[in-house]
Number of protein chains: 2
Amino acid sequence: MYSDFMSTPERLIESTRELLWERGYVGTSPKAIQQHAEAGQGSMYHHFKGKPDLALTAIRRTAEEMRATAEGVLGGPGSPYERIEAYLRRERDVLRGCPIGRLTMDPDIIANDELRAPVDETLDWLRERLAGMVEEGQERGEFAPSLDGEEIAATIVATVQGGYVLARASGSSAAFDTGVRGLLALLRPTR
Amino acid sequence: MYSDFMSTPERLIESTRELLWERGYVGTSPKAIQQHAEAGQGSMYHHFKGKPDLALTAIRRTAEEMRATAEGVLGGPGSPYERIEAYLRRERDVLRGCPIGRLTMDPDIIANDELRAPVDETLDWLRERLAGMVEEGQERGEFAPSLDGEEIAATIVATVQGGYVLARASGSSAAFDTGVRGLLALLRPTR
DNA sequence: GTCTATACTCAGATAGAC
DNA sequence: GTCTATCTGAGTATAGAC
């Protein structure tokens, strides 16, 4: 796959990221990781303590990447509403789902605080980031002062996460976009 | 578990429903189902063709139940806004997630059109039901006429599905409620 | 209808040679 | 660092006796 460019640990981590996104933690076996990484059994257990250790490394990296991607749009130019809109309309691989959010449906992730932590922290960071932007928008008169920033932020993140569910259920990214348009209509400044 | 009251096929179906909710399709083995149902290997393969067959029966029943529960609230008394609010605030086992929505993160469900169909149909029915109610609310002047019923319906369903994600990530149902409050604030009639 | 036997692969590792 | 051997149990069945 990427054998020529990366070290064995790197290939193992990247393969794990791919497979966790595609099949979740429960659905990803050490053997599948090794084959995808073109690494032997011995290599994997030399570099990592086992599946949970490797998964933790992979999840942390994915979480970091997701944060950076979001910040790239949310920290960009424009008014708060415009930046939230840009975030919601951003190009996404909708049918693959959210590589972080999907992990919450994995029983073994939820049962393990260490594995759950990066998932929790990432979604929490996103909510706080958005909450601050909603408040900033209120100061500029872009959003109604009666709204609660944390609540609206949670609604925004939930709409995105739920959008993936609707899209995957229907086999089409259209449902995601429809939900986003509805949210933007509700958020839209009246002037 | 429920050995005394139900036939073996019933126990198998109910056990499968439980386990699919808890661990998903990939995370649920025939052996686990048999043990939960207190049924032997032979029994399971006598009554069902295999894991996919049993899962399909279980998923259809869960889908039917979810529809009935939703209709119980959405078809109740009150204005459209009030019934949508009742639906959103309805008692839920938030930390367990949605027994239908969670299946969309299961690669083997998504890869199998027969297994995906009941999931798709249920979420689709819900969206259409809500879209009609939004339009009814618009006729009564409860919602702004500029809104699109289908879009708002998708936003509502996505907020619920995503609310489960936030709740499970944080290990607390509070995040679900926060997202719902945000959505209700955005939907609230001004008079 | 249910049970036991059998089969073959995979999950998730550990041990030790190279 | 990587490879091969080995291990115990689970995954997903089929076959045939009772």
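Sequence lines set the chain letters: A, B, ... in the order given, protein chains first and strands last, and positions in each chain run from 1.
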Whole angstroms only, please: what is the [atom1]-[atom2] distance between [X] and [N]?
X: B/Leu54; N: D/dA13; atom1: CG; atom2: P; result: 11 Å
X: B/Arg23; N: D/dA10; atom1: CZ; atom2: P; result: 13 Å
X: B/Gln35; N: D/dA10; atom1: CD; atom2: C1'; result: 10 Å

Got a sec, which residues hit side-chain hydrogen bond (donor to acceptor under 3.5 Å, both in side chains) with A/Ser43, two or more places apart in sequence or on another chain?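 side-chain hydrogen bond (donor to acceptor under 3.5 Å, both in side chains) check on A/Ser43 returns nothing, list empty.
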Considering residues at least two apart in sequence or located in another chain, which fulfil the side-chain hydrogen bond (donor to acceptor under 3.5 Å, both in side chains) criterion with B/Thr62?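 B/Thr62 satisfies side-chain hydrogen bond (donor to acceptor under 3.5 Å, both in side chains) with B/Arg17 once adjacent residues are dropped.
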Other than A/Ile110, what residues sit in its cluster of Ile, Leu, Val, Met, Phe, Trp and Tyr side chains whose heavy atoms are under 4.5 Å apart, directly or through others?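 Grouped by the 4.5 Å side-chain rule, A/Ile110 forms a cluster of one, so the answer is none.
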Show which residues join B/Ile13 in its hydrophobic cluster (side-chain heavy-atom contacts under 4.5 Å, direct or indirect), or state none.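 B/Ile13 shares its hydrophobic cluster with B/Leu12, B/Leu19, B/Ile33, B/Met44, B/Tyr45, B/Phe48, B/Leu54.
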I need a per-nucleotide contact map over nucleotides 2-18 of chain C, read 5' to 3'. Cutoff is protein heavy atoms under 4.0 Å; write B for the base, S for backbone only, - otherwise. BBB-----SSSBB----
Distance-only criterion, 3.5 Å: show the donor-acceptor pairs between side-chain atoms of residues 151-161 of chain B and protein atoms not counting sequence neighbours.
unit_1, atom_1, unit_2, atom_2, d
B/Glu151, OE2, A/Arg181, NE, 2.9
B/Thr155, OG1, A/Gly179, O, 2.7
B/Thr155, OG1, A/Leu183, N, 3.2
B/Thr155, OG1, B/Glu151, O, 2.9
B/Thr159, OG1, A/Thr159, OG1, 3.4
B/Thr159, OG1, B/Thr155, O, 2.8

